[in-house]
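Working notes, structure below.
Both ligands and their constituent atoms are indexed starting at 1 by order of listing.
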Amino acid sequence: MRLLSFLGLLVGGTFSLAIAVKSQVNPSSIDVFQMPELPPPPEDGRILSEKGLVVSTQRQASEVGAKILAQGGNAVDAAVAIGYALAVTEPCCGNLGGGGFMLIQPAQGKPTFINFREKAPLAAHKELYLKQPRGASRNGYLAVATPGTVKGLEAALTQYGTLERAQVIAPAITLAEKGFVLSQGDVAILRVGRERLLQPNIAEIFGTVKGQRAGDTLVQKDLAQTLKKIAQGGEKAFYQGEIAENIVKASKAEGGILSLADFTQYTIRQEKPLICTYRGYEVITAPPPGGGLPLCQMLNILEGYPLEETGFRTPQALHWFLSAMFYGYRDRNLYLGDPDFVSIPSEKLLSKSYAAQLRTKIPNYFAIRVKNTLPTKLDGQTTHYSVVDRQGNAVAVTYTLNSYFGAGVMAPKTGFLLNNEMDDFTTKLGSPNQYGLSQGSANLIEPGKRPLSSMSPTIVKHRGRLFLVTGTPGGSTIITTILQVITNIIDYRLRVDQAVNSPRLHYQGEPRTVLIEKKAISNQVRRDLEKRGYQFSERLTNWGAAETILLNSKGVLEGVNDYRRPAGAAIAEPQLQKSLTR
Ligand code: DON
């Protein structure tokens, strides 16, 4: 009943939205459409490499990365090339019109974190959506924040890459200009986004794919032109030229507030990543506004419990997991926002003593009591990829348009979709966003501010040596997915593909429901936890895609494409000779 009334609200919101903004998409049909059921994971999902390795959510993009490695590029060259290639081959999520985070751990030296998260337009303010129809922060130009991807990729390449810009963008241009053949996995994603893909400018590209069947070739001429401009002119071509002008013009014509100043004044933030420890491992991850802080907080809490001895997915171990997740999200919602705008008590939140204090509040048996709210509704897709080169340089990138195909808008002649990242702000205090997150005042909209994110590209080291490169899409489930991947490996000693492919759970305190993936827990365990006060709901899809690389004790890389994203692939660096014969 509650779910029905929630969907009803969405549909109602859609109606008023259609009046307010031209060329609007219908959120209800997007939100309820699910990915088809997946085949089971393979017996052994690992790809091994003694040289470089690339894992991304789209096969052709992984191939691009592996080839760049074989051509002598380093992990950053490959990561930048994949970033551009995914913008072509995975238009739901890979992007030029969005933003994200890149974490770089050079083989020698200190890690760095490039924050190219989108910024709120300068004309935005905390009351922007209060009088707007429901859905205005998700659909149409008012939902669009200033994109950061091109500036982020450019910064990474100029500081850490070794190849010319033109060389790393060339494969993406070819994929857009000549087209690429859609796999079944690619088609499944396009179908999920079909409403957004039928919008003006977008339909001309995606609507012409004959019924969107596997084997069809998707050509993107405008996108190829845009990529050529960037290849020639760099970030200036995007932020100061025709591309920005076309976006601003379209935004103004369709009720948006983007201005040229948003583009010319856009900056990335580059800093030391957030680093915490877990049972002797060093966890290097995304500082705010990314999701690494709650991840570390959860790990700190769990470190005080004997997880291994208590057993995998036993009621007591799960009770500790769910309690750790509860506190991580509680503090995320209370304290976190863009550090350029709010002061975050990071030192306290990350301290082992604070975790110990929280552990004393966790009941031995019963679930922490929380007030009931709407059921969780999680839409959207992001993309994550991991790269390690033969020198041992490692890169983890998570970048996004937020929802599948972002805000469902594309400016004429640009060929790429724009994000709806404004919905990641606290658009209205007390109202949950599309991931069910009721965020706090630290995340209210301000001009030029970045919205809070759950994205957490993460690298784990052990005794100074690279151990794991991971990250995932999945909205608010990003943080709990990475938590499970890490603990599955460190505490439960699962093989990396099993750690990634094993069914997951997610809890964020509010809503009260613990989401479970099929077969995540047995009926007996579920009944035990229900007695403790937990309530469960099984969700079929949108469990992320933790594209992960592990460096094993023999020095061999083990890459795993999360089976939940069949379009993806882990690909080892090919022989140089082979890669040069096109
Ligand atoms: O930054 C965030 O937390 C979200 N915009 C990420 C979106 C996402 O992962 C969607 N995937 N389901």
Side-chain angles (χ1 to χ4, degrees), residues 30-31 33-35 57 86 90-95 97-102 115-120 137-138 143-145 147-149 152 189 192-193 196 285-295 328-329 332-333 336-338 376-385 396-408 417-427 432-439 443 449-458 470-482 504 506 508 515 517 539-547 562 564-565 568:
I30 297 156
D31 286 352
F33 197 83
Q34 299 275 1
M35 291 280 268
T57 45
L86 283 171
E90 201 191 31
C92 66
C93 317
N95 66 81
F101 305 130
M102 180 183 288
N115 170 352
F116 54 96
R117 178 83 162 156
E118 303 92 323
K119 288 184 174 195
S137 63
R138 289 185 207 169
V144 182
T149 295
I189 292 175
V192 175
R196 281 182 155 92
T285 185
L293 195 149
L295 171 68
Y329 280 98
R332 179 190 189 277
N333 291 337
L336 302 196
D338 181 350
T376 309
K377 188 74 196 69
L378 301 159
D379 172 37
Q381 273 304 347
T382 298
T383 190
H384 174 85
Y385 57 96
V397 181
T398 316
Y399 75 147
T400 187
L401 292 169
N402 195 16
S403 294
Y404 265 119
F405 304 98
L417 286 140
L418 293 162
N419 70 83
N420 61 354
E421 224 68 55
M422 290 301 284
D423 193 59
D424 273 349
F425 277 113
T426 308
T427 52
N433 73 358
Q434 66 175 319
Y435 306 111
L437 293 167
S438 290
Q439 307 177 104
N443 189 35
K449 190 176 177 182
R450 299 177 211 268
L452 200 49
S453 171
S454 300
M455 294 187 291
S456 317
T458 298
T470 192
T472 183
S476 54
T477 67
I478 288 172
I479 302 167
T480 53
T481 290
I482 301 173
R504 304 199 259 258
H506 172 74
Q508 56 190 51
L515 292 177
E517 199 174 5
R539 200 184 59 178
L540 292 176
T541 58
N542 280 343
W543 282 98
E547 307 297 71
D562 193 323
R564 298 167 184 85
R565 204 67 92 88

Legend entry - Atoms of ligand 1 close to N402 [distance to a heavy atom under 4.0 angstrom, numbered from 1]: 4 (C), 5 (N), 7 (C), 10 (C)

Inset, instruction - Give a yes or no on whether the backbone of G97 and the side-chain of N419 come within a donor-acceptor separation of less than 3.5 Å. - result: yes

Legend entry - Polar proximity ligand 1 side, P473 side, N/O cut 3.5 Å exclusive: no

Legend entry - Atoms of ligand 1, numbered as shown, that sit under 4.0 Å from any heavy atom of G475: 8 (C), 9 (O), 10 (C), 11 (N), 12 (N)

Inset, instruction - Give yes or no for whether the N/O distance cutoff of 3.5 Å, strictly under, is met between S454 and ligand 1. - result: yes

Inset, instruction - Give the numbers and elements of all ligand 1 atoms closer than 4.0 Å to a heavy atom of M455. - result: 1 (O), 3 (O)

Inset, instruction - Would you check whether I478 has a nitrogen or oxygen atom less than 3.5 angstrom from a nitrogen or oxygen atom of ligand 1? - result: no

Inset, instruction - Look at D424 together with R117 and state whether they make a salt bridge at an N to O cut-off of under 4.0 Å. - result: yes

Inset, instruction - Taking S453 for its side chain and P451 for its backbone only, find out whether a donor-acceptor pair lies under 3.5 Å. - result: no

Legend entry - Proximal atoms of ligand 1 relative to G474 (non-hydrogen, under 4.0 Å): 8 (C), 9 (O), 11 (N), 12 (N)

Inset, instruction - Would you check whether D424 reaches within less than 4.0 Å of ligand 1, judged by its heavy atoms? - result: yes

Inset, instruction - Please confirm whether Y435 comes within less than 3.5 Å of ligand 1 when only nitrogen or oxygen atoms on both sides are compared. - result: no

Legend entry - All side-chain hydrogen bond (donor to acceptor under 3.5 Å, both in side chains) counterparts of T57, not counting sequence neighbours: E90, T383

Inset, instruction - Could you tell me whether E118 approaches ligand 1 through its side chain, its backbone, both or neither, with non-hydrogen atoms closer than 4.0 Å? - result: neither

Inset, instruction - Indicate whether any N or O donor in one side chain lies under 3.5 Å from an N or O acceptor in the other, for Y435 and N402. - result: yes

Legend entry - By side-chain hydrogen bond (donor to acceptor under 3.5 Å, both in side chains) - contacts of R450 (at least two apart): Y266

Legend entry - E517 and R564 ion-paired at < 4.0 Å: yes

